[in-house]
Amino acid sequence: MFLLVAGKTDPGKCRANNEDSFSLVRDLSLFLVADGMGGHAAGEVASRMAVDVITDHQRRGLSGREPLQGRYREDFANGTNRLASGIRVANHAIFQASLDNPAWHGMGTTLAAVCCTGDRAGIAHVGDSRVYLIRQGEIRQLTEDHSLVSEQVREGLLTPEEAARSTLQNVVTRALGQKEMVEVSLQEIDLRSGDRLLVCSDGLSEMVPDGALLAVAGGTKSPSLACRRLVDLANQLGGKDNITVVIIDSVGNRLVYWFKRLMEGFRRG
Ligand code: CA
């Protein structure tokens, strides 16, 4: 599957720093969003470490000399297992760094990741950064937030409306760097031509409801323009937090894609 990708991050309207990090590693088909937390700019350190360590682990995996960390799941592709392994390695690295450096004590980060192999997309997350699928005019949140309010909704203790109004929205129940071990949520989907994956930090999803995400992301063809419009909308709606968005378009066969683009150009010409 040929992928077109774009990403954008923005500090938002209320925060001086941007503690989010993202990475588009095209040659590995690896796309990451991390939302850091911790005082004294430690959140930036944690989110950047997560992105860098996971990328490095994925790249070393190609050489076959980097062993996998944690349980291997036979029901998932190798790339997805490698992704989960990288997240565990990053968790440990952040946890250790926070112990070694008093200024970084307690730092952590969420992580939402997509790693594609052929038509298969491995999706991993920890915390409340999200992955959405936009397919045939509909949007579906693929990840379940590891957050206090989401867990209360799942247990029937809160309605989704109450959750949306809660002042505890930012409390995550899982993050990298908080404990020696981390539990990674994993899934895989088969990508179809025309699918769009949207990966974001809560600075986007808390500001922009799903319907508006679909209206903007579903109605803007260019991934980079869609990212820019989503960030602009989150800022218009308050921009209370750092905003990060990554868009991954599955456009089928590369040659067919460029041929179609060429023909569109001729028709417009
Ligand atoms: Ca955030």
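Note that the coordinates shown come from a computational prediction; the quantities given were computed from them, not determined experimentally. Note that the numbering runs from 1 along the sequence shown for the chain. First listed ligand is number 1; within each ligand, the first listed atom is number 1. Side chains are part of it too, since the values below use all heavy atoms of this structure and drop only hydrogens, waters and symmetry mates.
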Please determine, by modelled atom types, if His57 and Arg82 share a side-chain donor-acceptor pair under 3.5 angstrom. yes

Give a yes/no answer: is there an N/O/S atom of Asp202 under 3.0 Å from the Ca ion (ligand 1)? yes

With clusters defined by side-chain heavy atoms of hydrophobic residues (ILVMFWY) lying less than 4.5 Å apart, directly or transitively, does Val245 cluster with Leu4? no

Side-chain donor-acceptor pair present, Ser201, Asp20, cut-off under 3.5 Å: yes

The atom of Asp241 among N, O or S that is nearest the Ca ion (ligand 1) is OD2

Side-chain heavy atoms under 4.5 angstrom apart, residues restricted to Ile, Leu, Val, Met, Phe, Trp, Tyr: same cluster for Tyr132 and Leu233? yes

Report yes or no: does Asp35 have an N/O/S atom closer than 3.0 Å to the Ca ion (ligand 1)? yes

